[in-house]
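The structure under discussion appears below in the form of structure tokens.
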Amino acid sequence: MRISQQLSRCRKARGRRAGIRRLLIVAVAAHPSRRGAGGTMTSHTASGLPIPYAPMASSEMTVTELDRAGLLHAEPTARISRFAVFMPADHLGVLRPIVVGRAAVISPFAIVHGGVALAEYTLIEEHAVIGKPEHGYAVGRIHPGMGAATLLGAGSVIRSGAVVYADVEVDASTVVGHQSVLRTGVRVGAETLLGHHLCVERGTWIGRGVRCSPGSHITSSTHLADGVFLGAGVRTINDKTLTWRDPHREPILVAPRFETAAKVGTGSVILGGVTIGARALVGAGSLVTRDIPPGALAYGHPARIHGRASR
């Protein structure tokens with residue numbers, strides 16, 4: 001693909017995400033909770049509506065209750081099940097509206113949190129959880145359960161039982177498989193397939209046209225460039241010392257990187273700080289302890305170079 005075509009695709013993707021963000025900002029601005037006494041605007045950010053904690057704010061709502069509260073901004077052609085559950089307030093009592101685009105579908109028993117924006121033709125299947133605030137201990141600190149904008153691009157599909165945390169962005173025509181988990185801050189490019197029973201940890205960046213097969217673990221801050229292919233049951237590691245809740249030292253986390261169109265076979269383990277070069281191929285069941293050069297064929301335990309990958 002020419003550089004000009006790649007740049008054009010990037011601009012279009014940024015435009016779609018910006019459009020969803022604008023919808024969410026407009027929805028927040030339109031909500032009555034933003035108006036103070038005498039009709040003046042109070043000082044709030046576009047990411048939420050700080051209001052005193054109230055039982056209503058912390059409880060779930062039906063689609064009818066959400067609409068009556070002015071927290072639902074849905075296109076007329078959107079299809080929302082009356083059995084879907086909405087939780088517009090996070091653990092701090094901050095309300096965020098929910099935006100549902102043209103012909104988007106929210107299926108029965110899906111749970112949708114405040115700050116979620118669904119672009120056109122998005123499908124949320126049964127028992128999926130979208131926009132869940134991070135709450136509890138993780139990576140050396142306590143997360144207070146603060147919500148954030150969660151953006152799903154046009155034509156994206158979230159399969160039954162998947163959990164997508166707050167502050168996740170999924171681009172157009174991407175599929176998240178059954179029972180998969182996308183943690184806070186994950187970014188996923190367009191036309192990507194994330195298989196079932198995946199765990200994608202915080203801050204991971206996944207490019208366009210990536211395939212992650214079922215049962216894999218992608219550790220926090222991992223970088224998967226465009227066109228990467230991970231086989232089933234791949235394990236990635238970012239902590240060489242296994243430090244957890246040690247008051248005397250902080251963990252040093254260095255995630256692996258997968259460059260453009262790299263391929264890793266089923267059951268492989270990739271250690272922290274390792275880079276799999278562009279168009280390299282790692283054989284099934286390999287233990288990768290050092291960088292694999294671009295275009296190389298590597299396999300073994302530990303993995304060693306065995307020539308060039310065929311195209």
Side-chain angles (χ1 to χ4, degrees), residues 1 6 9-10 12-14 16-17 20 117-119 122 128-132 134 139 148-159 162-238 253-266 268-270 272-282 288 292:
M1 182 184 295
Q6 292 176 326
R9 280 190 172 183
C10 289
K12 288 179 180 177
R14 285 197 296 268
R16 286 192 295 266
R17 288 193 291 268
I20 300 172
L118 309 180
T122 300
V129 180
I130 311 297
K132 183 178 179 64
E134 191 87 30
V139 196
T150 305
L151 312 178
L152 302 184
S156 56
V157 177
I158 310 299
R159 297 294 187 196
V163 180
V164 177
Y165 275 73
D167 189 29
V168 168
E169 295 184 15
V170 175
D171 212 336
S173 302
T174 283
V175 177
V176 178
H178 301 280
Q179 308 296 329
S180 289
V181 178
L182 274 57
R183 299 301 291 269
T184 303
V186 168
R187 301 290 183 265
V188 185
E191 300 176 349
T192 285
L193 177 59
L194 303 180
H196 59 267
H197 289 284
L198 286 180
C199 183
V200 183
E201 297 287 4
R202 299 167 190 83
T204 290
W205 191 92
I206 300 175
R208 181 187 183 94
V210 172
R211 177 185 169 89
C212 296
S213 301
S216 294
H217 177 263
I218 301 173
T219 193
S220 64
S221 302
T222 299
H223 179 97
L224 284 77
D226 294 351
V228 166
F229 189 122
L230 300 187
V234 170
R235 300 289 185 261
T236 58
I237 298 171
N238 66 358
L253 304 179
V254 183
R257 290 180 61 90
F258 300 82
E259 300 296 355
T260 302
K263 297 180 180 181
V264 178
T266 294
S268 295
V269 178
I270 315 299
V274 167
T275 295
I276 309 297
R279 295 175 176 79
L281 174 60
V282 175
V288 185
I292 304 300

Considering non-hydrogen atoms only, spot the tightest contact between [X] and [Y] and give its length.
X	Y	value
I237	T219	C-CG2, 3.9 Å
V210	A225	CG2-O, 3.3 Å
V234	G231	CG2-O, 3.2 Å
A148	A166	N-CB, 3.7 Å
R159	G177	CB-C, 3.6 Å
T184	E134	OG1-OE1, 2.5 Å

Report task. Tell me yes or no: between the side chains of E191 and S173, is some donor less than 3.5 Å from an acceptor? Result -> no

Give, for atom [atom1] of [X] and atom [atom2] of [Y], the distance between the pair rounded to the nearest 0.5 Å.
X	Y	atom1	atom2	answer
R235	L230	CZ	CG	11.5 Å
L193	L198	CG	CG	8.5 Å
H196	S213	NE2	OG	9.5 Å
H217	T236	NE2	OG1	6.0 Å
I292	I270	CD1	CD1	8.0 Å
I206	F258	CD1	CZ	10.5 Å

Requested in this report: Apply side-chain contact (heavy atoms from CB on, under 4.5 Å) to the pair V163 and L182, showing each step before the final yes or no.
Outcome: CA-CA 6 Å; V163 180; L182 274 57; over 6 Å; no

Requested in this report: Determine, step by step, whether V200 and S220 satisfy the side-chain contact (heavy atoms from CB on, under 4.5 Å) criterion, reporting the C-alpha distance in whole Å, the side-chain angles of both residues, the deciding distance to 0.1 Å, and the verdict.
Outcome: CA-CA 7 Å; V200 183; S220 64; over 6 Å; no

Report task. Evaluate the criterion side chain to side chain donor-acceptor pair (under 3.5 Å) for residue pair S221 and N238; output intermediate values, then yes/no. Result -> CA-CA 8 Å; S221 302; N238 66 358; 6.0 Å; no

Requested in this report: Considering only NZ, NE, NH1 and NH2 on the basic side and carboxylate oxygens on the acidic side, decide whether R187 and D167 come within less than 4.0 Å.
Outcome: yes

Requested in this report: Under the side-chain contact (heavy atoms from CB on, under 4.5 Å) rule, what do S156 and D171 come out as? Steps first, then yes or no, please.
Outcome: CA-CA 7 Å; S156 56; D171 212 336; over 6 Å; no

With a 3.5 Å distance limit and no angle check, can you tell me whether [X] reaches the backbone of [Y] through a side-chain donor-acceptor pair?
X	Y	result
S216	G233	yes
T150	V164	no
T222	T204	no
T174	G189	yes
T192	R211	no
T122	G153	yes

Query raised in the report: Should P256 and V288 count as side-chain neighbours, where that means a heavy-atom distance under 4.5 Å?
Result: no

Requested in this report: Take T260 and V228, measure what side-chain contact (heavy atoms from CB on, under 4.5 Å) needs, and give me the verdict at the end.
Outcome: CA-CA 6 Å; T260 302; V228 166; over 6 Å; no

